[in-house]
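Written out below as structure tokens is the structure these notes cover.
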Amino acid sequence: MKRTTAITVSLLSILCVACGPKNKQNSIDLQAITASVSATDSIYPVYAQGFEVKYLPNHVRLVDLRDPQNESSNTFHYALVPRGTKPERIPSDYTVIETPVRSVICMTSLQLSNFIKLEACDKVVGITSTRHLFNKEMNERLKSGKTAKIGIEGNFDNEVIMSVNPDVIFISPFKRGGYDTMREIGILLVPHLGYKEMTPLGQAEWIKFIGLFIGQEKEANEKFAAIEKHYNDLKQLAADVKKRPVVFSGEIRGGNWYAVGGKSFLAELFRDAGADYFLKDDSRSGGVTLDFETVYSQAESADYWRIVNSYDGTFSYDALKSLDPRYADFRAFRDKGVIYCNMREQPFYESMPMEPEIVLEDLIHAFHPDLLPDYQPKYYARLQ
């Protein structure tokens, strides 16, 4: 859907709410809504499927969250109210949050990437794993004690969490969890479902979600607009390639080959980069577990092989073969078609979610080097 069309739909849906039946609890002033939706700092997700925003008078925002991969999943409701004001006409099933929030805990690198992009690391007072954390400011905050490590998912340190006392903890409710004891602390838990988005721009658009909470809607809109334009320009560049190579992904771990389905975020990236994912006809959007024989039967003749790992040392074709001699039987191995990212050397998790346009540029350069002859890749490069 084009941006203008999506915004029009959002406006119409709001106006329909305004024109519908009124009651004492939830009556809405049409003139106030019109003023709000025309403001430059209003948020309207275009690609993200996991959150929606409706505006009430006095800059009250109703935010609805749901799993973008499951339309029948539970919906979470929040009313964001300007700090220091008295909320009015808010539906009873919405949890009220004063904004801008002053401090947060991030449970994932994807959440942290939103704050890094908005230059709002000062709001982050707690994070989970610091493995592969490259950001200089966040490392300095950890060293100085301004940001604390709160443990890992399923084994959180509630004493540390209480000591940093954030306004909000952003969680991933469909992962392993461990949030029951955190709820007892009384700190507000808010789902961040960007990791469930099935498109690169949809995932990156969650910067707007964070912008809503920390009072940086305008900055979030501007930064996403730049990402969107660059990404779509590159997508158009690769749209008419004459030959679309086939690419597969993953490695054998613990006897299983872990890949993702044909409706996934990664499959979309490959498609936009002018390539065909080896499971492009698969209807799944999440992870897929396969055995080696199944992968080999479908990917033996594929042109490229995408690998992301944290190899300790210099990764090479010899190193790859040492992991499993059968790897050498793939055409992508024989023809030096491995596209590789080492997470020990690149800020893959903390930066990549907010740089889908850079990832796309890397992949186009790998698949179609003639389209970007002078480009220097950042995350993915052909393995030497």
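- E137 places no side-chain N or O within donor-acceptor distance of the main-chain N or O of N135, the cut-off being under 3.5 Å.
- With sequence neighbours excluded, the residues satisfying ring pair (Phe, Tyr, Trp, His ring centres under 6.0 Å) with F367 are Y304.
- Every residue two or more places apart in sequence or in another chain that forms a ring pair (Phe, Tyr, Trp, His ring centres under 6.0 Å) with F333 is listed here: Y317.
- Using a 4.0 Å cut-off between charged side-chain N and carboxylate O, E222 and K218 make a salt bridge.
- S73 places a side-chain N or O within donor-acceptor distance of the main-chain N or O of D67, the cut-off being under 3.5 Å.
- Side-chain atoms of S351 do not come within 3.5 Å of backbone N or O of F348 as any donor-acceptor pair.
- In this structure, the side chains of L112 and M138 come closer than 4.5 Å at one or more pairs of heavy atoms.
- For W206 and F51, the ring centers are positioned less than 6.0 Å apart.
- Judged purely by atom type and a 3.5 angstrom limit, E300 has no side-chain atom pairing as donor or acceptor with the backbone of F330.
- Ring planes of F248 and W257: tilted class, angle from 30 to 60°.
- Not one N or O on the side chain of Y311 forms a donor-acceptor pair closer than 3.5 Å with the backbone of A319.
- Between R253 and E251 there is a salt bridge, since at least one side-chain N of the basic residue sits less than 4.0 Å from a carboxylate O of the acidic one.
- Side-chain N/O atoms of S42 and R61 include no donor and acceptor closer than 3.5 Å.
- Annotation for K336: atom NZ counts as buried by contact number, over 12 foreign heavy atoms lying within 6.0 Å.
- A salt bridge is defined here as a Lys NZ or Arg NE, NH1 or NH2 lying under 4.0 Å from an Asp or Glu carboxylate O, and D64 with K54 meets this definition.
- For the residue pair E350 / S113, no side-chain donor-acceptor distance below 3.5 Å is found, with atom types taken as modelled.
- Between C341 and I307, the closest side-chain pair of non-hydrogen atoms is not below 4.5 Å.
- Residues M198 and F278 are members of separate hydrophobic clusters, defined by side-chain heavy-atom contacts under 4.5 angstrom among Ile, Leu, Val, Met, Phe, Trp and Tyr.
- The backbone N or O of V63 lies less than 3.5 Å from no partner atom in the side chain of E52, so there is not a single donor-acceptor pair.
- Contact annotation: the side chain of K235 never approaches that of I364 to less than 4.5 Å [non-hydrogen atoms, C-beta and beyond].
- Checking S316 against D318 by side-chain atom types alone, no donor-acceptor pair falls below 3.5 Å.
- At least one side-chain heavy atom of L188 sits less than 4.5 Å from a side-chain heavy atom of T95.
- Checking side-chain atoms of Q69 against main-chain N and O of E197 turns up no donor-acceptor pair under 3.5 Å.
- Screening residues 357-371 for side-chain hydrogen bond (donor to acceptor under 3.5 Å, both in side chains), with sequence neighbours left out, gives H230-E361, D362-Y375.
- Without hydrogens or angle criteria, R331 side chain to A302 main chain gives no donor-acceptor distance under 3.5 Å.
- With F292 as the aromatic partner, R326 meets the cation-pi criteria of under 6.0 angstrom to the ring centre and within 45 degrees of the ring axis.
- Residue pairs meeting the ring pair (Phe, Tyr, Trp, His ring centres under 6.0 Å) criterion with at least one partner in residues 104-149, sequence neighbours excluded, are absent.
- For H77, the ring pair (Phe, Tyr, Trp, His ring centres under 6.0 Å) partners two or more places apart in sequence, or in a different chain, are Y94.
- With hydrogens and angles ignored, the 3.5 Å screen pairs no side-chain donor or acceptor of N256 with any backbone N or O of Y258.
- Outside the 6.0 Å centre-distance limit, the rings of Y340 and Y380 are not counted as a close aromatic pair.
- Remark: the backbone N or O of I339 is not paired with any side-chain donor or acceptor of R382 at under 3.5 angstrom.
- For the residue pair Y47/Q203, the side-chain donor-acceptor check at 3.5 Å is not satisfied.
- Side-chain N/O atoms of Y231 and D272 include a donor and acceptor closer than 3.5 Å.
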Tell me which donor-acceptor pairs under 3.5 Å the side chains of residues 260-271 have, and how far apart each pair is, sequence neighbours excluded?
from : atom 1 : to   : atom 2 : distance (Å)
S264 : OG     : G261 : O      : 2.7
S264 : OG     : A267 : N      : 3.2
E268 : OE1    : R271 : NH2    : 2.6

